[in-house]
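What follows is a single structure, written as structure tokens, with notes after it.
Just so you know, ligand 1 is whichever comes first in the structure, and atom 1 is the first atom listed for that ligand. Everything numeric in this text was worked out from a predicted model, so none of it was measured.
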Amino acid sequence: MLTKKIEKALNDQIKVEAESSQFYLAMASWAETEGLNGTADFLYLHSDEERAHMLKLVRFVNERGGKALIPELKQPPRTFKSIQEVFQNLLNHETNVTAQINNVVDICLSEKDYTTHNFMQWYVSEQIEEEGLARMIMDKLSLIGNDKGGMYLFDRDLNTLRTKAAK
Ligand code: FEO
């Protein structure tokens, strides 16, 4: 059984993951309209993954005797200045998500809820991977600078970076 405090923390996290999914969906759609099809595919997939993170929490809360709340979501940006801005936003967003996950883990410890603590470890590992991937992408983008040929290859090969980061 979840304590009220843990239930609230997990419901807050459901919202964070749902907003991540929505944010990346907005980025994906923008990239697609800019002709950055590789980037769009990468971001659509990333958006789906965030939805899966949300769903995993929804199922856990309900299985543990709580009530998962499906939240209202804020409007994500409709446009971005550049691909650099997209991925800087993504990195900043993931850094915030890591802080939120750490906060949930802290609450688990203070409430002595070791089951939820154990469940949250999956998210802790996932954040290491996601932040690492976002930093790697930012490094590549700064190497490319304004080189159009480099950008073409970046867009084409972006999905292979994800596979490499997962290894
Ligand atoms: Fe589910 Fe990217 O944090």
- Message: Tell me whether the rings of H93 and F23 are parallel (<30°), tilted (30 to 60°) or perpendicular (>60°).
- Response: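 Ring orientation of H93 relative to F23: perpendicular.
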Report task. Check whether more than 12 heavy atoms from other residues, nucleotides or ligands sit under 6.0 Å from atom NZ of K15, and answer yes or no. Result ->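 Above 12, so yes.
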If hydrophobic clusters are built by linking Ile, Leu, Val, Met, Phe, Trp and Tyr wherever their side-chain heavy atoms come under 4.5 Å apart, do I101 and W122 end up in the same one?
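Yes, because I101 and W122 connect within a single hydrophobic cluster, where side-chain heavy atoms sit under 4.5 Å apart.
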For this session: Could you name all protein N, O or S atoms found under 2.8 Å from atom 1 (Fe) of ligand 1?
Result: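 Correct list: E17 OE1, E50 OE1, H53 ND1.
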Open item on the list: Nearest 0.5 angstrom please: T98 OG1 to Q127 CD, how far?
Closed with: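 The OG1 atom of T98 sits 4.0 Å away from the CD atom of Q127.
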Ion pair check, K8 and D12, cut-off under 4.0 Å:
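Salt bridge between K8 and D12, a charged N being under 4.0 Å from a carboxylate O: yes.
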*Counting distance only, does the side-chain N/O of D155 pair as donor-acceptor with the main-chain N or O of A40 below 3.5 Å?*
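No.
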